[in-house]
Participant: 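Structure in structure tokens, see below.
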Amino acid sequence: MIQLENLHKGYQVDGHIVPALQGIDLSIEKGEIFGVIGHSGAGKSTLIRCINLLERPTSGRVVVDGTDLMNLDDRQLQEQRRQIGMIFQHFNLLSSATVAENVAFPLKLAKRPKAEIEQKVTELLTLVGLEAHRNKYPAQLSGGQKQRVGIARALASDPKVLLCDEATSALDPQTTNSILALLRDINRKLGLTIVLITHEMHVIRAVCDRVAVIDGGKIVEMGNVVDVFLKPQHPTTQEFVEQVADSVELKEIVSHEKADKDRTMIRITFLGSQTYQPVLFQTMLETGTPFNILQGTISRMKDTPYGQLIVELEADQEQVNKTIGSLRQRGLEVEVI
Amino acid sequence: MSITFENVDWAEIWQGSLDTLTMLAFSTLFTAIIGLPLGILLFLTSRGQLLQNKALYAVLSFIVNILRSVPFIILMIMLIPLTRLIVGTSLGVQGSIPPLVIGAAPFFARLVETSLREVDRGVIEAAQSMGASKWQIIWKVLLPESRPGLIAGITITTVALVSYTAMSGAIGGGGLGDLAIRYGYQRFQTDVMIVTVVILLVLVQILQTIGDRLVAYFTRR
């Protein structure tokens with residue numbers, strides 16, 4: 001759906017050029033939710049703005065749904081932008097217009113007939129659950145409601161792609177979850193391709209299918225969320241993954257326990273349906289290894305449940321190897337730490 | 001000391017008030033017609049905006065600054081030949097309107113520029129992302145979003161024009177200012193002076209109140 005090829009973007013600052021993007025290659029499939037995570041200043045904002053040419057790349061290609069946007073004149077670009085909805089961190093609603101007028105705005109820009117606009121607005125406000133607030137002004141709404149208006153507005157022109165620029169960064173955790181649930185919902189209902197950028201790993205974990213980690217204007221790691229999340233390679237990725245794990249505690253436990261030789265700590269990762277099966281219990285029963293659970297999480301990446309357990313085995317090396325072998329045989333991911 | 005108002009010719013005061021109101025109405029109208037587009041152009045051509053154009057902005061800005069830095073009473077005199085060219089006379093209500101507009105439009109244009117700058121950049125960006133053309137951004141985003149500021153601006157400009165109309169009395173512009181100068185100042189008829197000042201004062205109060213009400217009505221923040 002979206003192809004970015006060798007994208008470069010530099011900003012002129014005090015006479016010299018500061019690079020923001022340095023050779024981004026990215027291909028985003030139709031219907032997927034693609035996340036881009038990075039620290040502020042990493043270039044993620046520039047990257048998402050390049051997809052609808054709010055920022056024009058210095059070089060490279062931007063292809064959305066088969067159209068190379070860089071070759072279009074102003075009018076053609078305006079036409080193409082209607083296929084690409086966008087929502088923003090600070091919502092960017094028209095403060096002088098009501099909720100309904102805000103949602104109608106892109107349709108009025110496209111000069112659609114009044115009756116069609118009216119019907120579409122009602123439909124969208126129902127979708128985002130704001131039908132009761134249609135005549136209010138943005139200043140009378142909460143942050144979460146404003147973002148719902150933003151989403152309804154972005155969907156008004158039936159776009160194929162929705163760009164989310166830090167869409168939940170100004171919201172509290174509970175509201176963030178409800179907005180993310182809404183995004184997941186419209187992705188499913190409308191088959192919409194969603195690209196979102198964020199600096200919060202839990203956002204990626206909650207909704208994304210694939211993720212790219214951006215650092216210093218380059219993509220340093222990319223893949224399925226499940227893989228990147230469970231086996232982060234790049235230091236920046238590991239940092240982000242630590243955001244959502246209780247890794248600080250874990251480090252403490254590790255340093256505390258290391259001294260003892262007859263104890264081995266392992267990290268066991270469950271994925272999908274394994275998460276709900278008594279695999280650990282069965283293995284330990286079979287091998288007779290005494291064990292102690294030090295830490296555990298069971299969570300969910302979009303639709304994939306997963307679990308991670310830090311387990312301490314109180315046994316000699318041979319017994320430990322046997323146990324690990326048995327766990328791996330059952331399809332679990334095991335790592336000695 | 002008691003004031004008897006014996007010198008006050010109420011018919012003349014009435015005529016002067018009407019003249020002042022006529023001058024005010026037409027000069028405000030033309031100031032808006034010229035100042036609003038000028039202000040929009042100043043804003044759009046400034047750095048980082050939709051039609052960024054260093055040269056054009058510099059020229060416009062220079063002209064506006066010159067017109068704003070010449071004291072109005074001198075500007076009026078300097079413009080006499082131009083006024084004659086435009087309306088055929090430099091006297092009376094008609095003759096006062098061109099200098100009033102030329103004096104006030106640059107002032108209003110700066111106020112317009114300032115209120116447009118207050119419009120959230122993000123909202124403009126959102127409109128761009130929805131495929132808005134530059135005209136649509138001006139008409140459907142910039143102007144509605146800055147409406148309270150624009151109304152406040154035209155109110156300030158109209159109040160400034162009230163004092164300008166009074167000044168135009170000095171070179172035969174007619175209106176209440178003319179009466180105040182001819183009777184109040186040159187013939188020492190303090191009562192005429194007081195009456196004209198009170199009327200001007202009430203006029204300004206009314207204008208400001210209307211302006212404030214409109215600003216409050218259109219403010220949605």
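Just so we're on the same page: letters track the sequence lines, and every chain starts at 1.
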Participant: Strictly by ring-ring contact (aromatic ring centres under 6.0 Å, His included), give each pair with a member in residues 33-80 of chain A just once, sequence neighbours left out.
Facilitator: A/His39-A/Phe240

Participant: Rounded to the nearest 0.5 Å, what's the gap from CD1 on A/Ile84 to CE on B/Met130? Could you check?
Facilitator: 13.5 Å

Participant: Using the test side-chain contact (heavy atoms from CB on, under 4.5 Å), find all partners of B/Ile66 that sit at least two apart in sequence or belong to another chain.
Facilitator: B/Phe62

Participant: Hey, what donor-acceptor pairs show up under 3.5 Å between chain A and chain B?
Facilitator:
from	atom 1	to	atom 2	distance (Å)
A/Arg49	NE	B/Glu125	OE2	3.2
A/Arg49	NH2	B/Glu125	OE1	2.6
A/Arg81	NH1	B/Gln128	O	3.4
A/Arg82	NH2	B/Gly131	O	3.2
A/Asn92	ND2	B/Gly122	O	3.0
A/Ser95	N	B/Glu145	OE1	3.1
A/Ser95	N	B/Glu145	OE2	2.9
A/Ser95	OG	B/Glu145	OE1	3.0
A/Ser96	N	B/Glu145	OE2	2.8
A/Ser96	OG	B/Glu145	OE2	2.6
A/Leu109	O	B/Gln136	NE2	2.8
A/Tyr137	OH	B/Arg220	NE	3.3
A/Tyr137	OH	B/Arg220	NH2	3.1

Participant: Heavy-atom distance under 4.5 Å to chain B: side chain of A/Leu94, backbone, both or neither?
Facilitator: both

Participant: Is it true that, when you exclude B/Phe26 itself, more than 12 heavy atoms of the residues, nucleotides or ligands shown sit nearer than 6.0 Å to its CZ?
Facilitator: no

Participant: Is any side-chain heavy atom of B/Val123 less than 4.5 Å from a side-chain heavy atom of A/Leu93?
Facilitator: no

Participant: Among all residues two or more places apart in sequence or in another chain, which pass the side-chain hydrogen bond (donor to acceptor under 3.5 Å, both in side chains) test with A/Lys114?
Facilitator: none

